[in-house]
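The model shown is predicted, which means the values in this text are computed figures rather than measured ones.
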Amino acid sequence: MNNNIMMHADHLAEFVSNFEEAGLLVRISSPVETQLEIAAITEQVVKTSPTNSAPALLFDQVAGHKIPVLTNLYGSLPRMLQILHTDSLDSIADRVAGLLSPDLPEGWLDSLKMIPQFSQLVNIKPRIVKTASCQQVVKLGRDVNLSEFPLLTCWPEEQFPTITAAQIITFDPETKARFVNARPIQVISNQQLAIRWSQHDAGYQLLQKFHARGQQLPVAIVIGGDPVGLYTAHAPLPKMTDPYAFGGFLRNNALELVRARSIEIDVPAQAEIVMEGFIDPASDPVDVGPVANTTGYYSPAEKVMPLNLSAVTHRANPIWHALIPAGPPAEAGFFAQATERIFLPLLKLMVPELVDIHFPAAGAGRYLMFVSIHKSYPQQARRVVNALWSLESLLSLKLIVVVDDDVNVHDEQQVWYRVSTNLNPGRDLIHSEGPGDDDDHSAAIQGIGHKLGLDATRKTPSEGHPREWPSALKMPAEMLERVQSRLSELGLS
């Protein structure tokens, strides 16, 4: 497969065309329903396909709608690499590390000062344009009617259709800094949405800030555009980093933005669909039922301040993009796979002894992390675990496993082998309590989590282990080479 076929694509339809040509997308032309069926078909394909081979799906005969639905766009590593305009995730990490390495600091406090510098180094500012394809069709005020779109209900306990693949854009009223993230959005009427922000999201905090100022919060909901935009909306960027500037860094070319029609927010010019509106913090909240999330469970019913739409714009022939929330293996796992590679250099700034990290699929991309470290002093694994828990982007982690630097954290059997052989439960468990994931249903109080670290590193007497630590079995390299050279002779090739 030629990885260069994607380099000139900059909006969703071009990616769809290129993926279809490359055999990475299947077009489904049989009639399908938005109520559960599209989600069920996608789930069946994802769960039964070999790793990295589940195709993207384009449903072009959706009952009651002329607009096609795209699912599982990010659900394979080859497509993720092309969306990120790269040959490998490590090459992006090398670019990030190369930017930082000339001035790599020695101390922890100096490392923290490098984070704003990172935000500047990866800053390929978006270009502002005056006209854009996302505004080929414009509907204002009472003309807004969300029923025109193929809104999906993915799981049976959801009482409202849910928008699952949208970039949510807001801004700080004081600094004007742009914030972009991705959360489930429930459609509660033809002109009203409910964003399921967690209390840790910038959008939720900005809503409180606008409330204190007696102002309505302007919000843009964006579907489509260059798929790199939705990845950056999920990425754990430092707060001062503009996600669209980081998207420009990833694609080595600035993203284009255009001013929305009814609010003072710039939106991706190549978007498929843009929904614009305001949240009035003083309005009465609305009851919204359960919503499915990427943990594989429902988030409970809540009261949410509604987003009242003032405009909807879209391309003349838009595509409706959806991420199907599900437990692993699922499309969301590829976001975690990209993040663990791309942001490793940043983590190493804050935790210098880190060697590598891995988010196993079983952790739903947020609850479980494997970490290898260069260990040089007693109790260092405890410092690493607490340092990681202190980072806002990792506060959802419930379990961190720390191993020595000779362990490949991507070999999950190897990690659990070290846990079973190196860990003493009476000494090596690290407990903590603090802010947690709002979607973690195991927490007794929403947003407050108990956390566990497992120190599976080798132990020394200074760590309370008086016995001599044994050497691991290891065959000499010369013998391995000799055996390899004799396999044919031995009839074992």
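With rounding to the nearest 0.5 Å, the separation of OG1 in T164 from CD1 in I223 is 8.0 Å. The OG1 atom of T294 lies 4.0 Å from the CZ atom of R366; values are rounded to the nearest 0.5 Å. The CD1 atom of I400 sits 12.0 Å away from atom CG of D455, with the distance rounded to the nearest 0.5 Å. Note that the CG atom of N52 and the CE atom of M80 stand 10.5 Å from one another [nearest 0.5 Å]. Annotation: the span from L89 atom CG to D94 atom CG amounts to 11.0 Å, rounded to 0.5 Å. Taken from NE2 in H234 to CZ in R183, the straight-line distance is 9.0 Å, to the nearest 0.5 Å.
Between Y297 and H441, the angle of the ring planes lies from 30° to 60°, which puts this pair in the tilted group. Relative orientation of the F15 and F19 rings is tilted, given thresholds of 30° and 60° on the angle between their planes.
Panel note: side chain K375, backbone Q380; no donor-acceptor pair is recorded below 3.5 Å. A donor-acceptor pair under 3.5 Å links the side-chain atoms of E331 to the main chain of L73, judged by distance alone. The backbone N or O of V228 sits nowhere less than 3.5 Å from a side-chain atom of R251 that would complete a donor-acceptor pair. For E463 (side chain) and T460 (main-chain N/O), a donor-acceptor pair under 3.5 Å exists by modelled atom type. Formation of a donor-acceptor pair under 3.5 Å by the K47 side chain with backbone atoms of P329 is found in this model. Judged by distance alone, the side chain of S49 and the main-chain N or O of V46 form no donor-acceptor pair under 3.5 Å. The backbone N or O of A13 sits nowhere less than 3.5 Å from a side-chain atom of S17 that would complete a donor-acceptor pair. Without hydrogens or angle criteria, E256 side chain to R127 main chain gives no donor-acceptor distance under 3.5 Å. Formation of a donor-acceptor pair under 3.5 Å by the T339 side chain with backbone atoms of F335 is found in this model.
Between the side chains of T457 and D404, no donor-acceptor pair of N or O atoms lies under 3.5 Å. Side-chain contact of Q199 with D438: a donor-acceptor pair under 3.5 Å is present, judged by distance alone. S30 and Q61 share no donor-acceptor pair across their side chains, judged by distance under 3.5 Å alone. Side-chain atoms of D439 and S299 include a donor-acceptor pair closer than 3.5 Å. In this structure, a donor-acceptor pair under 3.5 Å is absent between the side chains of Y377 and S462. Between the side chains of R341 and S88, no donor-acceptor pair is found at a separation under 3.5 Å.
Between R418 and D411, no side-chain nitrogen of the basic residue sits less than 4.0 Å from a carboxylate oxygen of the acidic one, so the salt-bridge criterion is not met.
The two residues L84 and A338 come nearest to each other via the heavy atoms CD1-CB, 4.2 Å. When all heavy atoms of H85 and L250 are compared, the closest pair comes out as CB-O, 4.1 Å. Between L206 and D172 the shortest heavy-atom distance is CD2-CA, 3.7 Å. Here the shortest heavy-atom pairing between H431 and L452 reads CE1-CD1, 3.7 Å. The shortest non-hydrogen separation linking R383 to M350 is NH2-O, 4.4 Å. Contact record, L12 with E272: CB-OE2, 3.6 Å, taken as the closest heavy-atom pair.
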Do S372 and D405 pass the side-chain hydrogen bond (donor to acceptor under 3.5 Å, both in side chains) test, and can you show the C-alpha distance, the side-chain angles, and the key distance before you say yes or no? CA-CA 5 Å; S372 58; D405 56 9; over 6 Å; no
What's the verdict on side-chain contact (heavy atoms from CB on, under 4.5 Å) for V291 and E158, showing C-alpha distance, side-chain angles and the deciding distance? CA-CA 5 Å; V291 66; E158 293 183 310; 3.6 Å; yes
Starting from the C-alpha separation in whole Å, work towards a yes-or-no answer on side-chain contact (heavy atoms from CB on, under 4.5 Å) for Q270 and L255. CA-CA 9 Å; Q270 304 294 337; L255 292 168; over 6 Å; no
Begin with the C-alpha distance, continue with both residues' side-chain angles, and end with the deciding distance and a verdict on side-chain contact (heavy atoms from CB on, under 4.5 Å) for V403 and F370. CA-CA 8 Å; V403 293; F370 293 164; over 6 Å; no
Could you walk me through whether H200 and S396 pass side-chain contact (heavy atoms from CB on, under 4.5 Å), step by step? CA-CA 10 Å; H200 308 296; S396 66; over 6 Å; no
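Side chains of T34 and V69 form no contact here, defined as non-hydrogen atoms less than 4.5 Å apart. Contact annotation: the side chain of H11 never approaches that of S133 to less than 4.5 Å [non-hydrogen atoms, C-beta and beyond]. Within the 4.5 Å cutoff, no side-chain heavy atoms of I357 are placed close to those of V409. Within the 4.5 Å cutoff, the side chain of V401 has heavy atoms near those of the W416 side chain. Considering only heavy atoms from C-beta on, D201 stays 4.5 Å or farther from F179 through its side chain. Residues I168 and I221 meet the side-chain proximity criterion, which asks for heavy atoms closer than 4.5 Å. Counting heavy atoms from C-beta outward, H410 and D356 have side chains that approach closer than 4.5 Å. Counting heavy atoms from C-beta on, the side chains of V16 and P68 never come closer than 4.5 Å.
Separation of the F343 and F359 ring centroids does not fall under the 6.0 Å cut-off. Side-chain rings of F59 and W320 stay apart, their centers remaining 6.0 Å or farther from each other. Residues Y74 and Y231 place their aromatic rings such that the two centres sit no closer than 6.0 Å.
Paired with L454 under the rule side chain to side chain contact (heavy atoms under 4.5 Å, CB included), one option of V385, L399, V371, I430 passes, and it is L399.
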